[in-house]
Structures are given as structure tokens and as C-alpha cells.
Number of protein chains: 2
Amino acid sequence: MSTNRESAISLETMRHSTAHLLAAAVMELFPTVKLGVGPVVENGFYYDLLAPEPITEAQLSKIEKRMREIKNRGEAFRREELPIDGAIVFFKERQQDFKVELLNDLKTKGTTKIKGEEASEVDPTKPAIASVYHTGKFVDLCRGPHVATTAEIGAFKLNKIAGAYWRGNEKNPQLTRIYGLAFRTEAELAEHLKMLEEAKLRDHRKLGKDLELFTIIDEVGPGLPLFYPKGALLRRLVENYIGELQERRGYLPIWIPHITKGKLYEISGHLQKFDALYPPMRLEGEESYYLKPMNCPHFMMLYRSEPHSYRDLPLRYVCTTTNYRHEKSGELSGLTRVRSLTQDDCHVFAAPAQIEGEINLMLDMIAEVYETFQFKNFWVRISTADPEHPEKYIGDRKVWREAEAALSRLIAGRGWKHELGVGEAAFYGPKLDFMAKDVIGREWQLSTIQLDMNLPERFELEYVDADGAKKRPVVIHRAILGSTERFLGILIEHYAGAFPTWLAPVQVALVPVGEAHFDFARKLGEKITAAGIRVQLDSSSETVGYKIRKAEKQKVPYMLVVGDKEMKSKSLMVRLRGEKEVKKMALTSFLKRLKTEIETKK
Amino acid sequence: MSTNRESAISLETMRHSTAHLLAAAVMELFPTVKLGVGPVVENGFYYDLLAPEPITEAQLSKIEKRMREIKNRGEAFRREELPIDGAIVFFKERQQDFKVELLNDLKTKGTTKIKGEEASEVDPTKPAIASVYHTGKFVDLCRGPHVATTAEIGAFKLNKIAGAYWRGNEKNPQLTRIYGLAFRTEAELAEHLKMLEEAKLRDHRKLGKDLELFTIIDEVGPGLPLFYPKGALLRRLVENYIGELQERRGYLPIWIPHITKGKLYEISGHLQKFDALYPPMRLEGEESYYLKPMNCPHFMMLYRSEPHSYRDLPLRYVCTTTNYRHEKSGELSGLTRVRSLTQDDCHVFAAPAQIEGEINLMLDMIAEVYETFQFKNFWVRISTADPEHPEKYIGDRKVWREAEAALSRLIAGRGWKHELGVGEAAFYGPKLDFMAKDVIGREWQLSTIQLDMNLPERFELEYVDADGAKKRPVVIHRAILGSTERFLGILIEHYAGAFPTWLAPVQVALVPVGEAHFDFARKLGEKITAAGIRVQLDSSSETVGYKIRKAEKQKVPYMLVVGDKEMKSKSLMVRLRGEKEVKKMALTSFLKRLKTEIETKK
């Protein structure tokens, strides 16, 4: 898959060149603009700038037009290396104060890096030298690389303006950030724009409201969704599905509390290292308590609380429990970026020889889950150690080598698409990450399988082997869904809220035309409920048209309108979601159809 | 039930008189002892004292003997009232420094009360006067009342010595606390002692270990149990049972996060009033977050987040979720007193006219649950407003009157034992508390139903009534189990760990005699598992005797030993828990028997 990786890099280069193109166009149109930085982001780029008159959305098409002109000129990207002091003089003359500031930082601190941002403008291997790139008359401080000429830039579109403080600090001036999309071809750009349109319609935040699934409440806090009955049901259906899948394979649910003394995180090392940990609850004359941001340490302690023999292994502990991470409020979004993450967490304690079998069992489950939820297009990133720097990793080298070989063998053996990330393993073990595409082609990271040779060491986990010797088990972390919240967010968009019958919070909407039909509808509802099917009877006094639209908006898979005609008929008049035609069906065959759909999860 | 209440009071009086008897005996034996306080506790009393030589367990029988002597003397309890200054002089002369300290407090502060303790020694209505009680030569500062003479004291036994700081403050001297039991008759005392013996055998902390249910881990914290797979399964069986019971009746599970901004508790009033709240997680430049100690405010917000019509009511929201309360570490015990409480919490939002129907539905469920778990002996405390102080309560008087009448009518209509606590209602609504007796006769408070007219007001909850007017719903809080943890603690002791088949984490223990029988046992296990029954195969290399004892210790309801004989036979040799005889049974009838037990929960 190395071809893919290369093309990913050069697409990134092209996008960065498009950022220069944007800056060049802006400078031609507004010569007094002061430029900030212009990095690549997902699907495109942005450039921050300070304009004497604020630039508005309305001006984007004008800028875009000028960008096209420069592109058509086929200006070369020409690199020039300058001594830092020369570069400072160069940008001072052009009154590019922000660039001068960056260069001064580079000169005095050896870096222009601000926490959380990448510094792409300078070459850290040559700190006394700064590189600039010329594109026609435009010059930018830049580390490169770039495409050869502006003609090589593909399809682009400026799509958003936002405000952003210089270097992310609110004490600094606020700049205008112009976002753009960039792709290799017009067709790819068009496809992406279409996807964005579709994504907007599928936005789980909007659907979450329409479908009465969840809400976020100011007084409770951002990133902390509360679930209405329909959303809570959806959570439970998905969690129970995973639970049943696991238990069938000998995974054992445990239960752990949501808090702990800090001591636990001292042992695990999280107290020193985990950024998103909520601050401690400080008690007088007593140790502080922490809200758990992950479950591993609790699992480790439970294992450690009892002696274990090799006969107990592999021990497969699972727990669906909520973790709390204080993610930055600006990064929160609906269900996909939350502060409350309910993980379908699993830790397997295994002897080294059991690793391959255990991972294979996990792959079985992942395959089954993706099949069920119709994530047909997925690939795997296999992260392994850097063979040239064995000192960066802890644990037995032999266990590493064998585990890495097993990972590759298992994934290849299933014929799954994959990418090898040599040197991308964590210091404590190799890893598999699963990237799945949803219906409109967006890629989501879902499942993770991670070997861990660190926590068993830190918690001094042991088992008595057949030879009577005490040995360390390996821990395998695994989450299939990632988190319930995020997975539901993805699922809502994946299905555009039109869940398959087994997942639909309401499976049948019963719509009596008028009050005269309430009784009949209620009795019909009871029959359907008795078959284990979720029915919602709309007994409001609204018009039948309104009720039908409401059920349609809620994307209920089946709707039964009950009026005089239906009361006289022995059959049901069934409205299928998304279909215009009304189907005539006997109650028994209707129930049979639904039951089959529910059982087969189709 | 007023007779019961009176007799309860006089039993308390008798117990307090026994505390005096203890102090009198101690003073006769050790005249230089300084006395602290001697209040009544459950089933008895204690007295705190400072002895020149520490009093030990060994001396209890000597003290008890002297108590009997004084009892037999039939000394009268004689009350005397003294001006405070006179009382101070009186106890100073007797070098009773602690009594002097109490009297000085009374004189200067008007009370001897220490936070969390009752001051029973003085009469707060007459602060300038202190009462003392004479019993022969012994005199104690005491508010009374007492029995007439020591001869009226029933059966007693000193049963424990502990250390206790004077007035509960660790900066004060440590006193010796002598505990005693006191009952009306020797038979009642004997019964209680027998119950204590039985309780010891049933101690859920011990059984929790033997049955591999849960553990408490230092590094995580006291009061925060972690559950092993068998305990986690037990939790789930009980929670799912309640869940199913509720959903059958139209209760709707919701989901809420475990934390919230403080704002929520400002609205609810808990921030000011709730003692056991964990301290806030303080964030820089952001509001603090709190771990929820109860769910009501979250439920209120969820209701408030959407408009409601009278047609939506009653709206029955439930959520099984863990709350955290920082109870004092000294008060924690196994599962019955924890800091992590998973409540089967329910809040019904109802129009006033729906209260009776809703409570009746709750009573149905409570009756079903007590029947299932074999709590045959229960009674209800009905707490109502004090009719002489209507100003102490908020909400519509008419709603109160009707609700109180409905509560009494419903409980009486079911013929349930009850007690009326006039004036014991919370300021925000009348209440039902359910007290159930376990197998060995201990009484536990389990379920609660509580009307609330305060939170709907504070959260400004509304619904649009049929007449178009906005009205306030009433909230009904309800928990059937109380908390999963506490209920499991009670259940373990109630069943002495010998759970009925439907609740048993392992329903069938498979014990192969030797390795030659492993395969046969495994296949048999698969057949039983396929029938939906929980099997545990003991494939260890221990002796068959050891394996049998292990399954017996774990109180598995059915055991199948598989040896040569069993492999040849077409029948199973079934060992039933607690029975000596081995029963011969065909596999099909064995499975049928278990399935019936599981389905009927018998």
C-alpha cells in the first residue's frame, strides 16, 4: 500500500501549494494584507490573514477567480534559502510582521512551533537558514515542498471564512481564516462537495433532534449528551448486540466504579501523562479522587486482586462503562466528539502464545459487526515497531516480533486491505486500527486492537505457568465500537436516521385517522406489541396528514394508517419507509416480515 | 399501629435505662472512671467512659454480673432538676469532667449537641435547668425518661468494646465505648443473638469473596466495590429483571451522564444542601463540574428540554445509573454502605389527577419484586404532613390532601401492614418507605415512593393542559431496589449466597473425576449451555473431592460429577445443593426442571 501513502503525501503538497495560491491571490487583490500561516487541513487548507478591511464571504468568489488566473499563468514554485537575518530584513521590508515574528522566534528559540500546531515554514535541521518560496511576485516563508508550477494545482474551492487569533492566543489580534478545499480533479472536488451536501442532510445533530434521540443541555455541560427514550433504546440495542456477540465467545462482563483514588493512576502512569483527565476532587485530610478517563487501570487491579493460573488464561474481561475526558470545548461536536464516552472496553489477559488466537477471535467479531452495520469498505492500519530503534520499546523482543508477524498474517489471511505503519506502534505494543467508510464515503476510525506490555509490568501482573513459574501475561486492549456515543453519531449519519428495522427505536407507527379509529388502532397495536415489535400509536388530535409527516420525519420503517377502510378490511395497508406505494398485507405476514428483519438484523 | 409506636418508644427508654445500669455498675467497680455519654442505638445502647486502666473484653462479664445485681436491687430511677450552676458544682465535686464540659456548653451555648449526635442529657426547653437521674448512689446528667426501677429492665448483654474519641473529635481523649444489647425478654435477646450468629455466617462480605462476586481495592478506594464476572452477572440479572418489569408497564429508560456543571445543582438547591456531594472538579477559566450524587436534576432537565402536552403524561422516565456520595469512611461496609450507588431510579411526571394511578402501578411492581425475592414480611411507613403546621410545606394543599388520602387508601386497600408518620413528610411531598424483613428477620429499608412538588417548581416544569393552560406536573420519585449494590448485599445475606436458580451466576457445576472424563463433561456442558443454562466446567487437575467442595462452597444449585459410571449411564447423577442424596435424572428432564425454575424464578 506504499503507493497510497506516497500519493497521500503529494496530495498534501498540492494542497499546501493551493494555500500559497490563495495567499498570492489575496496579495494581488489586497496588497496591504499581512499574512499569518497557511497549513494543510483535511480535504484542503486554510490561510490566516489580517486585512485592513475585513474580507467577507462575498469576496471569496473574487479571490477564487484570481487564484484561477494565477494557476493558469503556470507560475513556478521557486525555493530560495536565506540566512535568518536576511529573511527577517526581507519580510520587514514587505511589512509582513507575522512572518518577522516567526523568524525571530526561530532565531532565538530555534522553533516557530506553538503548542498543538505544526511549524511547516522552517527547516529545523537547518536552523540558521530560512527557506522562502517564490510564486511569481509572491513570496512566502515556507519549508516546502511544493508542486512545480501553479498549473499542477488541481481543483479547489474556497468554502468558509472564520475568525482565528494569531497563534491561537486570544491576547493576539484576530485574523481572518479563509478555508479552501483542494482535490486532484474537478470530479473529485465535485464528489466531495456532493458528499458535504449529503452529510449536511445526514447531520446527526439535526437528526438527533428530529428523531428525538438526544440533547445537549447548557446547565449540564457541553459534550455531555443526555438521551431521550428513543436514543437510550438505540444505545442499548447497540450495546446489547456487542455484549451478546462477546459473551457467545466467552468474554466475561465485569463492573467497575467511575472514580478512583489518584494512587491507581500513579501506578499506571496516567496521572503524569493523560492530558484530558478531569481535575481531582480534593478532599480534606484524605486522598483526592479522580473521574476515570479510561478503564485499563481498574481492569488491571481486578486481575491483580486474585491469584491466576495458566489454566485461567486467556481471561477476557469486558465492561461497557462511561469514561470522562475533558476535551477542549471547541473540539466538541454532537455525539462524535464528546466528554462522556461509553466504551465497549475489553482487556484480555493472555499468555504470549495465546496472542494470535485471541486477536483472531477479535477479528471475527469485528468482521461480524461491520457486516451487521453495513460498513462494507474498511481497511486496517498495522502499527509496528521501528526495527532500527528497538530501544524505544518495552517488553520482550521475541513477543513483539511474533505478535507483529501474527497481526500481519491474520489481516492478510482474511484478505483485508491494510497499510503497514512501521515505527508507528506505541512504546508498549503493536496495534491494529480499523478505518471504515460510511455510506457516503467518509472514513471513520472505529475499532482498535492494541497489545500492551507496559501495564502488566507496572501493575506487576502474574500468572503461575504449567511449570510452576510466575510469569507476566500480555494485555490486549480492544474496543469494537470505539464509544457508544461516537458510534451512534456515525450510525445516525451512515443510515441518515433510517435505521434498519432491528435498530429502529419505533418499528411501526400506528396512525389512526380520527378518534373513531383510536380503539381499533390501540387493539392492533397490542397485537403487534405482543409479537415483540416496537409500536408507537399517535393518539394526538392532529390531522392524519400531520401525523403521517411526523412518522416520516422520524423515519419509522413501517407505518399503518387506520381509517374506516382499514377497519373494514381484513388486511393491513402498510406504508414502507421511502416507498410511495402502499402495500396490502395480512397481519400474520406483516409480523413475520418484521420478525425476520429483526432476527437477521437486515 | 400506634401501639407499636408506643412500645417502640418504651423499648428505647428501657435501653437507655440499661445504659445507666451499665454506668452504675462501672462506677461501683471502678469508682474513678469518668463518664462520657450513653445513648441508645439499634437493638441496645453504649456508654463511653475514660478508665484509669483500660477496660477489656475480659471484664465485660464482671460488669454484666454487677449490672444484674443492681437490676435485682430494684433501685428506683429518680429525677431531680438542678439549676445549671448547681449541676456544674455537683459534677465537679465528683470529678466528672466530661459532664461538666457538657453543662458548660449548655450554659454558654444553650446546647450540648455535637454535629451528628443527639443531646439527650438536657432539656432544651429549660436551658437554665439541668436534670439528673439517681439510681441508688449513681447519678447521671440525663434528660430522661427512664423506667421506674432497675427491676423493670429486661434482658441485656454487653457485646463489644471499641475506642471512640470524646465528642467524635480525634483531638479529644480516646474513650472506651462499651456496647450492649437490650431486649424486653430473655427469649427476644436469645433470638437476636441467634440472628447475629446466623448473620455472621451470611455476611455478604465473606460470601462475596467465597462466591467470587466482588472486591474492594485499596488503590481504588473504600466504598467503591469492583465486581468480578459472577458479581457483575448478578447485578445484571437483578437490574434486567427490574428493567423488564418496568418496561412492561410503559416506563421509558433514558440515559444521563454522571457529571454536570454546578449550575444544575444551583437550580435544584443541592449545591447548598447536599452533604455527601463530592467536591467539585475545578477547571481554569471554566465552570466546575460535579459528580452526580443523585439523578433528579438531570431528569428534570431532560423533561424541560422539550415542550409537553397533557397527552404525554404520565411520562415515566427510568435510568439505572451510578451515583457517588462521599459517605464517611467509617460508615462504609461491603455492599450495603457504599460510595457508588447504582440506583434503579424513576421519575414520573404526572398531572395531579394521575398520582393515585401512578402510585398504584408502583405498588404493583413492588409487590411483584418482593414476591420474587421472597421478602414475605414487609410493612410501609406513610409519611404525611403535620396538619398543624401547613406553613412547613410547599405545593398546593389540595394536592397534598388528595395524595395523602390516596397513599393511605392504596396501602390499606392491599391489606399491607403500615405505620402512619404524621408530620414526617419532607417539605416537598408525602412519602412511602418500604421496610422488608429478610429470612433471618432483619429489617431493611428497600423501596421508596416520594412525591415532589419542589423540583417541578425550581425547574419550572410545565405541560399544556387540555384547556390550553400551562400547568406544573407533579414529580414522583421511586426506587424499588434502593441501589443495586445495597440490594445485592441484602440479597446475598437473605439467601446466604444460595441463590435461586434464575439468579445463580453458575447454575450447573460440571465436575469431571479425572482427565479421562474431560471430553465427555465438555460435550455435556455444551448441551446444557445450548439450553440457555449457565454451566461451569471445572477442568483443573485437583481431586474430585476438592472440586466438589469448591462447587459446594460456591453454592452452585446443581452439580454433575462425571466419572466412568456416569459416562456409561444414560442418565445424569445430579447433586442438588444442600441435599445429601444424589438424584438420577434424564438429561431432558434435568433441563426441563432447570428451565422451569429459571422461568418461574423459583
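Per chain, numbering begins at 1; letters A, B, ... match sequence-line order.
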Legend entry - Toward chain A, the part of B:His326 with a non-hydrogen atom under 4.5 Å: side chain
Legend entry - Region of B:Tyr317 that comes under 4.5 Å of a non-hydrogen atom in chain A: side chain
Inset, instruction - Indicate yes or no for a side-chain donor-acceptor contact from B:Arg282 to the backbone of A:Pro279 under 3.5 Å, with no hydrogens or angles considered. - result: no
Inset, instruction - Counting only heavy atoms closer than 4.5 Å, note whether A:Glu485 contacts chain B via side chain, backbone, both or neither. - result: side chain
Legend entry - Backbone N/O of A:Ser539 and side chain of B:Arg311: donor-acceptor pair under 3.5 Å: yes
Inset, instruction - Could you look at A:Phe214 and say if it's the side chain, the backbone, both or neither that has a heavy atom under 4.5 Å from chain B? - result: neither
Legend entry - Heavy-atom proximity to chain B below 4.5 Å, by part of A:Pro253: both
Legend entry - chain B contact via A:Ser305 - which portion, at a heavy-atom distance below 4.5 Å: both
Inset, instruction - Among A:Gly231, A:Ser540, A:Ser340, single out the residue with the greatest number of heavy-atom pairs under 4.5 Å to chain B. - result: A:Ser540
Legend entry - Largest heavy-atom contact set with chain B, pairs under 4.5 Å, which of A:Leu283, A:Leu264, A:Val338, A:Val318: A:Leu283
Legend entry - Contact origin within B:Ile267 toward chain A - heavy atom pairs under 4.5 Å: side chain
Legend entry - Options A:Ser288, A:Ser329, A:Ser541, ranked by heavy-atom pairs under 4.5 Å with chain B, top entry: A:Ser541
Legend entry - chain B contact residues among residues 217-225 of chain A, heavy-atom distance under 4.5 Å: A:Ile217, A:Asp218, A:Glu219, A:Val220, A:Gly221, A:Pro222, A:Leu224, A:Pro225
Inset, instruction - Identify the residues of residues 341-349 of chain A whose heavy atoms come closer than 4.5 Å to a heavy atom of chain B, ordered by number, or report 'none'. - result: A:Thr342
Legend entry - Under 3.5 Å: donor-acceptor pair, side chain of A:Tyr324, backbone of B:His258: yes
Inset, instruction - Give, as side chain, backbone, both or neither, the part of A:Glu286 having an atom under 4.5 angstrom from any heavy atom of chain B. - result: side chain
